[in-house]
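Written below as structure tokens is the structure these notes are about.
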Number of protein chains: 2
Amino acid sequence: MSQIKKRSECPISCSLDIWGDKWSLLIIRDMIFYKKSSYGEFLKSPEGIATNILASRLQNLEENGIIGKSEHPDSKAKFLYKLTEKGIDLIPIFVEIHLWYAKYSGVPAEFKAAVSAATQDKEAYVRSIKDAWRKAAS
Amino acid sequence: MSQIKKRSECPISCSLDIWGDKWSLLIIRDMIFYKKSSYGEFLKSPEGIATNILASRLQNLEENGIIGKSEHPDSKAKFLYKLTEKGIDLIPIFVEIHLWYAKYSGVPAEFKAAVSAATQDKEAYVRSIKDAWRKAAS
DNA sequence: CGGTTTCACTTGCATAATGCAAGTAAACAT
DNA sequence: ATGTTTACTTGCATTATGCAAGTGAAACCG
């Protein structure tokens, strides 16, 4: 089911064909920045994704190798979703989006520290998020 | 008409609410990397955007301050669309998308040089694209 | 053990976004 | 004057998303 549609061979276009819909990046954001890892947690996000859309996006992200799905240590009724390396490597894109938005629209207070850190040393900031994520997910 | 919908206060979510649809980033890509600046040129892109969608996306991007619309020097029947500073500052996001895709899916030969340049010195590469764009648009 | 709750979905149907073909009006070219 | 180019608009088909309710397996609770 993966990669049925591909509007062109352009890397930008192909990337958007994978995760350029209304919800995929928000799910990934939840995993990266809020350490979420289960269906129920994603549903609680303030944007309010619908249950059927969430299921379909998770499946698509899995088929594209951006997240992995496995048994949840807490319960057999749950699943544990976690980013693959391919998913972790989307972090720099999020950082750039964050900086762009902060520059032109400002950000809520809770994000100021992150923006400041990213502005001072982007590489180090990306590395710190990756490390934090790997730690939390291990 | 601008900013009617905003799913949350999250910078990522807000950014996606501005340009996170199926087409906006491809129009901006055409302006940045292919120096396109008119309706007719955008229509010719390989992905094949529909005329009504193109018109609506151009209007939205203008309302959000990402592009500007002005008279075309060649003809009064045409308009000239160009990126604002806010639009130019999306370039780092494109570069990261490009690198991500190249890392996991490879890119056609015509993009190899760009990926190599971006990998060696990202800051310099972003600067060179910005400069090239400003030159072409002046 | 049996009933209730939790969890991760699926299903059916409404609405919104996008796709397609044709049409329009102003400017331009001959 | 006439046909062409340009930037759209309009109407309708199709696809994506939104919403509410339902389902089945596992967990929890007395």
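Basis for what follows: all heavy atoms, side chains included, without hydrogens, waters or symmetry-related copies. In the text below, chain A, chain B and the rest are named by the order of the sequence lines, each starting its count at 1.
A donor-acceptor pair shorter than 3.5 Å can be found between the side chains of D21(B) and S24(B).
In the region residues 73-81 of chain B, proximity to DNA chain C at under 4.0 angstrom, judged on heavy atoms, holds for S75(B), K76(B), A77(B). If you check residues 34-54 of chain A against DNA chain C, the residues with a heavy atom closer than 4.0 Å are S38(A), Y39(A), G40(A), T51(A), N52(A), listed by number.
A 4.5 Å side-chain heavy-atom check between F79(B) and S38(B) finds every atom pair outside the cut-off. When side chains are defined from C-beta on, I93(A) counts as touching L90(A), because their heavy atoms get closer than 4.5 Å.
Taking 4.0 Å as the cut-off between side-chain N and carboxylate O, E96(B) and K122(B) count as a salt-bridged pair. Using a 4.0 Å cut-off between charged nitrogen and carboxylate oxygen, K35(B) and D30(B) do not count as a salt-bridge pair.
Distances were taken from every side-chain heavy atom of K22(A) (C-beta onward) to each of dT18(C), dG18(D), dC9(C); the shortest belongs to dG18(D).
An angle of 20°, rounded to 10°, separates the two end axes of the helix from dC1(C)-dG30(D) to dT30(C)-dA1(D), each defined over five pairs.
When every heavy atom of R57(B) is checked against every heavy atom of W23(B), the shortest pair comes out as CG-CB, 4.2 Å.
A salt bridge (charged side-chain N to carboxylate O under 4.0 Å, His left out) with D17(B) is found for exactly one of K5(B), R7(B), K6(B), namely R7(B).
The interatomic distance linking N60(B) (CG) with dT18(C) (C1') rounds to 14 Å, in whole Å.
Residue E71(B) places its CD atom among 12 or fewer non-hydrogen atoms of other residues, nucleotides or ligands, all under 6.0 Å distant.
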